[in-house]
Visitor: 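One structure is given below, represented as structure tokens, and several questions about it will come after.
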There are 2 protein chains.
Amino acid sequence: MDTKETYDVTKFDRPSVTTDVLFFTIKDEQLNVLLVKRGSWPFEGMWALPGGFVRMDESLESAAKRELLEECGVKHVYLEQLYTFGDPRRDPRTRVISVAYFALASSSVVANPKSDEIKETGFFPVNDLPNLAFDHKKIVDYGVDRLRNKLGYTNIAFGLLPEMFTLTSMQNVYEIILGHPIDKRNFRKKMLTTGLIESTGKKLSGDAYRPAMLYRFNKRDVVFLN
Amino acid sequence: MDTKETYDVTKFDRPSVTTDVLFFTIKDEQLNVLLVKRGSWPFEGMWALPGGFVRMDESLESAAKRELLEECGVKHVYLEQLYTFGDPRRDPRTRVISVAYFALASSSVVANPKSDEIKETGFFPVNDLPNLAFDHKKIVDYGVDRLRNKLGYTNIAFGLLPEMFTLTSMQNVYEIILGHPIDKRNFRKKMLTTGLIESTGKKLSGDAYRPAMLYRFNKRDVVFLN
DNA sequence: TGAATAGTGTCTTTCAGACAATATGCC
DNA sequence: GGCATATTGTCTGAAAGACACTATTCA
């Protein structure tokens, strides 16, 4: 029977724990995910999700944020835990359990990698991915499903739009993620009646046609709806 | 730069990983959760969720099932991953990350513990819990929220009902979990139009009043709806 | 005034929710 | 026939979805 004095922390072999991050963005009219090119064994040279081992003194979310910063220069993004992948053979090095997170933001927040392990990062359309390391394809698919699902009842698209945006650009984001066209009148009606967004009173000018009203997310409702 | 030959699995300190299981059942007209009394430090003598360390060669779900069997004699239940709790200070022994699962089944599947560590198990109403070890109260609360939410759009209550059941008993389960009464006509209308359940053609007899039709879950739809 | 996009209203269908009377089987 | 529970339908309001024309700005 263990006591504080006799408890032996090294008694059992322990799996390793990583966090991997799905960083989604809209680019070239498509839903893209951020990938990094691996610089070492295993899967050297292959594309993978940014991520890495969780340190002893940091929370899972902190680890995900740290990896995103080190590997992709990304700061200050909203992260949501997605799922934990723990198949015993998903990593050839040793037993590795991965807690996956996802984030949505503008692709402009990505900078150059600061990590020795990563030389290159890039965005890839989720519908046209290269071969991915580990089980990362499965993680991406799972995340895309969840994203599409949450789009309908949360304000999760917040991170993909600038501070002020037109309803047309918002509708574009929804159509790109969902992969099908949406009726303009119904979309606007729904978005305006939720109370999630509010008019800024300003208009977008500079184009050779009628300027559109600019909206912003209502700060009181940045939390999720459900 | 690591290669297969130079990769050192012991290079980093590693957190420990456990699975903890929320086993929900209906007992005495209340939603209950299964707890075990801890037999050793830390939190010796306190109630906690059944669970334990994940072994190197088993999946997370297998680990959850094994713990449920060892500590509570439970076999063959449907498990769903809930969330992963990884606060660095959630366990006084060392850094422990817990992958929480939840299950719903009849309380009759619980037998005596086969584990040296656990002497006693018991069901407790989720609205009247004893003080729990670790952050297990938080895990229970999170699981109850999720359960209530999924009740509305999945067939998750499947495990809480016998193979054949009346609509009244099904409604009872829903009311107990949700914590409020439901209109009988609306409930029946909704359940029958989803196609999730089907009539068996049999009737429940033996009571001193009108016998009720028995239904079963439609096996083609055992998967979740969303 | 033409080009290009912004902005708007109605109808229909579906679903949720409120609400109460009749039917059945057993004793 | 009395008891205890099973079973059933209508109305209303809200939300989703189909559908097409007018308004505005700028070049």
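Just so it is clear: chains get the letters A, B, ... in the order the sequence lines come, proteins before strands, and each one is counted from 1.
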Visitor: Can you tell me the distance, in whole Å, between the CG atom of N172(A) and the C1' atom of dA6(C)?
Guide: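 Those two atoms, CG and C1', are 13 Å apart.
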Visitor: Could you state the OH-P distance from Y215(A) to dA6(C), rounded to the nearest angstrom?
Guide: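 Y215(A) atom OH is separated from dA6(C) atom P by 12 Å.
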Visitor: Are the side chains of L82(A) and Y101(A) in touch, meaning some heavy atoms are under 4.5 Å apart?
Guide: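 With C-beta onward as the side chain, the pair stays apart.
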Visitor: CE of M170(A) versus P of dG7(C): gap in Å, rounded?
Guide: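 The answer, rounded to whole Å, is 14 Å.
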Visitor: Are Y78(B) and F158(B) close enough that their ring centres sit under 6.0 Å apart?
Guide: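 No, the ring centres sit 6.0 Å or more apart.
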Visitor: Whole angstroms only, please: what is the NZ-C1' distance between K190(B) and dA18(C)?
Guide: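 Atom-to-atom, K190(B) to dA18(C), this comes out as 16 Å.
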Visitor: Using only heavy-atom distances, decide whether a donor-acceptor pair under 3.5 angstrom links the side-chain of N186(A) to the base of dA18(D).
Guide: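 Yes, a donor-acceptor pair under 3.5 Å.
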Visitor: Give a yes or no on whether the ring-centroid distance for F217(B) and F165(B) is below 6.0 angstrom.
Guide: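 For F217(B) and F165(B), the ring centres are under 6.0 Å apart.
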Visitor: In whole Å, what is the span from the CG atom of L167(B) to the C1' atom of dT5(D)?
Guide: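 It is 13 Å, rounded to the nearest whole Å.
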Visitor: Using whole Å, what does the distance between atom P of nucleotide dG17(C) and atom CG of D183(B) come to?
Guide: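 Nearest whole value for this atom pair: 10 Å.
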Visitor: Report which part of the nucleic acid T168(A) touches: base, sugar-phosphate, or nothing (heavy-atom distance under 4.0 Å, all strands).
Guide: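 It contacts sugar-phosphate atoms only.
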Visitor: Report yes if some heavy atom in the side chain of S98(A) is under 4.5 Å from a heavy atom in the side chain of D91(A); otherwise report no.
Guide: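 Heavy-atom side-chain distance check fails, nothing below 4.5 Å.
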Visitor: Counting side-chain heavy atoms from C-beta on, which of dT5(C), dT7(D), dC19(C) comes nearest to M213(B)?
Guide: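 The nucleotide sitting nearest to the side chain is dT7(D).
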Visitor: State whether the distance check finds a donor on one side and an acceptor on the other, under 3.5 Å, for side chain D207(B) versus base dC26(C).
Guide: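 Check fails, no donor-acceptor contact within cut-off.
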Visitor: Rounded to the nearest Å, what distance is computed from the CD atom of residue E175(B) to the P atom of nucleotide dG17(C)?
Guide: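 In whole Å, dG17(C) P lies 13 Å from E175(B) CD.
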Visitor: Flag the pair F23(A) / T25(A) as yes when at least one side-chain heavy-atom distance between them is below 4.5 Å, and no otherwise.
Guide: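 Of all side-chain heavy-atom pairs linking T25(A) with F23(A), at least one is under 4.5 Å.
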Visitor: Closest to the R188(A) side chain: dG7(C), dT7(D), dG9(C)?
Guide: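 Given the options dG7(C), dT7(D), dG9(C), the side chain of R188(A) is closest to dG7(C).
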Visitor: Describe the nucleic acid contact of K184(A) in one word from base, sugar-phosphate, nothing, applying a heavy-atom distance below 4.0 Å.
Guide: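 Base contact.
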Visitor: Strictly below 4.0 Å: does K189(A) bring a side-chain N or O up to OP1 or OP2 of dA16(D)?
Guide: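 Answer no for this pair, as no side-chain N or O of K189(A) is under 4.0 Å from OP1 or OP2.
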Visitor: Rounding to an integer number of Å, can you tell me how far I182(B) CD1 sits from dA16(C) P?
Guide: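 Rounded to whole Å, this separation is 13 Å.
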Visitor: For R210(B) and K203(A), find the nucleotide of DNA chain D closest to each by heavy atoms; which residue's nucleotide sits nearer the 5' end?
Guide: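 With R210(B) and K203(A) compared, the 5'-side residue is R210(B).
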Visitor: So if I take every side-chain heavy atom of A212(A) and compare against dA6(D), dT8(D), dA6(C), which nucleotide ends up nearest?
Guide: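 Of all the options, the side chain of A212(A) is nearest to dA6(C).
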